[in-house]
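Notes to accompany the following structure.
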Amino acid sequence: MLTYHLKTQLLRLMNTATHFRFTKNDDNPTVKRLLRAVEPVVDDMPCLPVLGIFQENPQIFALPVVNARNEPVGIVERHAFVETFIKPYTHEIYGKKPIAEFMNQAPLIVSSHTSIDDISRIIIDAGMQHMVSGFIVTEHGQYAGIANGHDLLDEITQRKQANLFYLAHFDQLTKLPNRVLFMDRLSMAIAEASRVGSQIGLLFIDLDKFKHFNDSMGHAFGDQLLIAMAGILTRCSREMDTVARLSGDEFTIIADNITGQKDLDSLCWRILDTLKLPQQIMGREVFISASIGTVIFPRDDQDANNLLVKADAAMYEAKRSGRNTYRHYTAGMRLYSLDRMSLETDLRVAIERNEFELYYQPQVALDSGRVVGKEALIRWHHPQRGLLTPIHFIEIAEETGLIVAIGQWVIREACRQHQAWLKDGLQPMRISVNISAMQFYQSDFCDMVEDTIHATGINPSYLEFELTESMFMQDADAVVRTLRKLHGLGIKLAIDDFGTGYSNLSYLRKFPIDRLKVDQSFIKGIEHEPVNVEIVKTIAALARSMSLELVAEGVETDVELHWAESSGCTFVQGYRFSQPLPAEKFARWVAEYKHQVNQHTLGDM
Ligand code: C2E
Ligand code: MG
Ligand code: MG
């Protein structure tokens, strides 16, 4: 275990050293760092005493020569000088001559303010000789010391190494440890915990909807968001914990030496609570949220890689439960290998192979208790991985641009299905389709939609597009044009996941919007969260004042249904009524539900 401690200490040391080196003032240290205070000799000193100095001080590699005013005038290099005096009679011939005749009269002289980077360039340009003899440093023109090529080399290599270490182990953007250092720290922590019998908690944290921010606000904004997130995670964890950035918007925390699940609960809550406050990013106020998965060593696994995969699975579970929450890993959670590449390859051929299917989730009007709409939600029948929900592929589809083709398929398929149902005699009701930012920003988006409407024959007033708040933040003119065109076609427009994006809602007045969908994170457990009741009530008041319809998403229980209704929501959607269903099952569900409503009032159901 000595190695463990040593390695920890070393890493700690190196980390502090690198931080130290990378602070602003120390970015480019000066030659002062290399100075050796060698006593100079004066130019009229005879050679013999100089030889004596060299012989008595074997560590002196060169002697600076100064004039009476202490200004450097030359340098005597040990090797060449001592060599001369080994030959016979040289003592007698040269011993009494002044050193000025033997010195190198063109020494390299630099001011003490010269940076190490500059002096290395000067030395390289001046030739190898100066590497050996070194160079003289002055302060206000006066001799201040002498420095040596070897020390310079050492310094440069050390800095290079520190720099390389830094590049290899830290994320440049957030300055947090990267995946390499994270895995290393996790393995070390596991070794130590096995030795002393302690437990380690591991958090896998993924920002919700980071992609939307990045797309609509630009990468510089996305970067600032990640930096803010890094700061929040660091402040929420203990000093001894490791906060790392794995990639993109994925972060991890290693919480050493925890007493159990409770510690992780409070850490997760600290993070989620902190995220409830709006963040100031580039002059804008935004809300960010995250989904967190946790595992515990040794309970859930003993292997570093497996722990990460399981924490990732738990994080997906948190996303599936509506994001902005955390989940502990439990046996049986589905594990996904983090193999994005193959998923991306498969996604490219999924449309041709007809692997996508739309599921439909009913929306119920609270006043009548009737089904008045359905949201189309995409599913992917992956040939090896089975049925995948959007969490596992929408982001990749967005990053690769495949979302444009997939989104087009979704609109067409939703319209086709809607028409097929009408033909089969299903009651007419609205059909909502989710639209990605990238799709929305395509210059031919409106034309494509118009073509689809004509091709399928759908009455556009039944079609609704669900957009996200972040789409309204970019280039407002172009956005307004697209929205007006869509609205002009008769399509309804809704804002999905409302309340999670921007705190500045002035855009609502500018745009032709019909509905708001209150994000499920406000509905989940609303009875225990008085703040959420207030938020939903405020959103409801806002919606009423602007004549917008209000849908509560993610209603799972009767209690949530009650609170959603009493807080002012007029429509609801959620597992309380039905999970998203394949087309055929959906039609059967609607028929069955209608039957029940005719017999009971909604409250009894
Ligand atoms: P969303 O538009 O907010 O859809 C609601 C999500 O909440 C759906 O997840 C739905 O299955 C889930 N949900 C509904 N009721 C409940 C409930 O009572 N409890 C809980 N815990 N969850 C509930 P799903 O189908 O996994 O979709 C996730 C997200 O993927 C959607 O969020 C939407 O943003 C995106 N998405 C889905 N289909 C498409 C699509 O065709 N195109 C695009 N661009 N995005 C899509
Ligand atoms: Mg939606
Ligand atoms: Mg939603």
Side-chain angles (χ1 to χ4, degrees), residues 208-212 215 289 291 316-325 327 334 347 350-351 356-364 373-380 387-415 417 430-442 445 463-471 492-501 515-526 551-561 564 571-582 586:
D208 295 331
K209 313 214 171 126
F210 174 64
K211 188 81 181 67
H212 289 295
D215 284 348
S289 70
S291 302
Y316 270 125
E317 219 40 54
K319 291 243 178 207
R320 286 158 69 94
S321 336
R323 311 185 196 98
N324 192 21
T325 186
R327 287 286 178 272
R334 205 158 149 203
L347 200 53
I351 293 188
F356 292 121
E357 183 181 358
L358 292 186
Y359 276 37
Y360 299 89
Q361 188 176 36
Q363 293 169 344
V364 172
K374 55 201 176 269
E375 178 174 5
L377 295 156
I378 192 166
R379 298 291 180 266
W380 180 13
L387 188 70
L388 298 183
T389 58
I391 280 171
H392 298 104
F393 61 90
I394 284 289
E395 210 176 291
I396 302 179
E398 287 175 337
E399 277 162 22
T400 51
L402 291 166
I403 192 68
V404 176
I406 296 174
Q408 192 170 346
W409 177 86
V410 171
I411 297 176
R412 183 170 289 263
E413 172 58 16
C415 294
Q417 183 62 61
R430 199 179 288 180
I431 183 158
S432 309
V433 176
N434 293 283
I435 305 293
S436 272
M438 183 187 249
Q439 234 181 314
F440 183 80
Y441 295 139
Q442 297 296 305
F445 180 65
L463 188 57
E464 177 175 73
F465 284 168
E466 294 193 2
L467 311 167
T468 54
E469 278 176 272
S470 57
M471 292 185 197
K492 300 274 181 299
L493 301 172
I495 298 185
D496 207 352
D497 309 332
F498 187 78
T500 57
R515 292 222 271 189
L516 304 180
K517 298 188 77 177
V518 178
D519 190 69
Q520 22 183 303
S521 58
F522 298 115
I523 304 295
K524 196 177 345 132
I526 187 169
V551 189
E553 280 194 278
V555 174
E556 294 188 359
T557 63
D558 284 340
V559 182
E560 287 166 358
L561 179 64
F571 298 87
V572 282
Q573 181 183 342
Y575 298 167
R576 163 66 181 74
F577 296 92
S578 169
Q579 301 228 345
L581 300 169
F586 177 78

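We count ligands from 1, going down the list as the structure has it; atoms in each ligand are counted the same way. Numbers for residues simply follow the sequence, beginning at 1. Computed over heavy atoms, backbone and side chain alike; hydrogens, waters and symmetry mates excluded.
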Before accepting this row, confirm whether a basic side-chain N of the pair K211/E398 lies closer than 4.0 Å to the acidic partner's carboxylate O.
-> no
Considering only heavy atoms, which of L388, N434, D497 lies nearest to atom 33 (C) of ligand 1?
-> N434
E375 heavy atoms, cut-off 4.0 Å: which ligand 1 atoms fall inside?
-> 1 (P), 2 (O), 4 (O)
Minimum-distance N/O/S atom that E466 presents toward the Mg ion (ligand 2) | OE1
Between the main-chain N or O of I378 and the side-chain N or O of E357, is there a donor-acceptor pair closer than 3.5 Å?
-> no
Short list, please: which atoms of ligand 1 are under 4.0 Å from a heavy atom of G554?
-> 16 (C), 17 (C), 18 (O)
Side chain, backbone, both or neither: which part of I378 comes within less than 4.0 Å of ligand 1 when only heavy atoms are counted?
-> both
Check: of H212, R323, K209, E466, min heavy-atom distance to atom 34 (O) of ligand 1 comes from R323
Assess D496: does it contribute an N, O or S atom lying under 2.8 Å from the Mg ion (ligand 2)?
-> yes
Just distances here: any N/O of E553 and N/O of ligand 1 closer than 3.5 Å?
-> yes
Of all the atoms in ligand 1, which lie at a distance below 4.0 Å from a heavy atom belonging to V555?
-> 18 (O)
S432 N/O/S atom closer than 2.8 Å to the Mg ion (ligand 2) | no
Mind checking whether D496 has a heavy atom under 4.0 Å from ligand 1?
-> yes
Mark up the atoms of ligand 1 that fall under 4.0 Å of a heavy atom belonging to S436, in ascending order.
-> 44 (N)
Quick one: which of P390, A494, S521, G322 has a heavy atom closest to atom 36 (N) of ligand 1?
-> P390
Hits for ring-ring contact (aromatic ring centres under 6.0 Å, His included) against Y360, two or more places apart or cross-chain, chain-then-number order -> W421
Using the side-chain hydrogen bond (donor to acceptor under 3.5 Å, both in side chains) rule, pick out the option among K209, Q520, H212 that qualifies with D497.
-> K209
Test: E466 and K517 ion pair at under 4.0 Å = yes
For P580, the ligand 1 atoms with a heavy-atom partner under 4.0 Å come out as 11 (O)
Return the set of residues passing side chain to side chain donor-acceptor pair (under 3.5 Å) with Q361 (not counting sequence neighbours), or none when no residue passes.
-> Q573
Mind telling me whether W409 and F356 have parallel, tilted or perpendicular rings, with 30° and 60° as the class edges?
-> tilted
Within the 4.0 Å heavy-atom cut-off, what K524 brings close to ligand 1 is neither
Backbone, side chain, both or neither: what part of Q573 comes under 4.0 angstrom of ligand 1, heavy atoms only?
-> neither
Please confirm whether R379 comes under 4.0 Å of ligand 1, counting heavy atoms of the residue only.
-> yes
Taking only heavy atoms of S321 into account, list the atoms of ligand 1 that are under 4.0 Å away from them.
-> 21 (N)
Note: ligand 1 atoms sitting under 4.0 Å from heavy atoms of Q361 are 14 (C), 15 (N)
Is ligand 1 under 4.0 Å from a heavy atom in the side chain of Q579, in the backbone, in both, or in neither?
-> neither
In E375, the N/O/S atom nearest the Mg ion (ligand 2) carries the name OE2
State the atoms of ligand 1, each with its element, that fall below the 4.0 Å cut-off from a heavy-atom position in E556.
-> 17 (C), 18 (O), 19 (N), 20 (C), 21 (N)
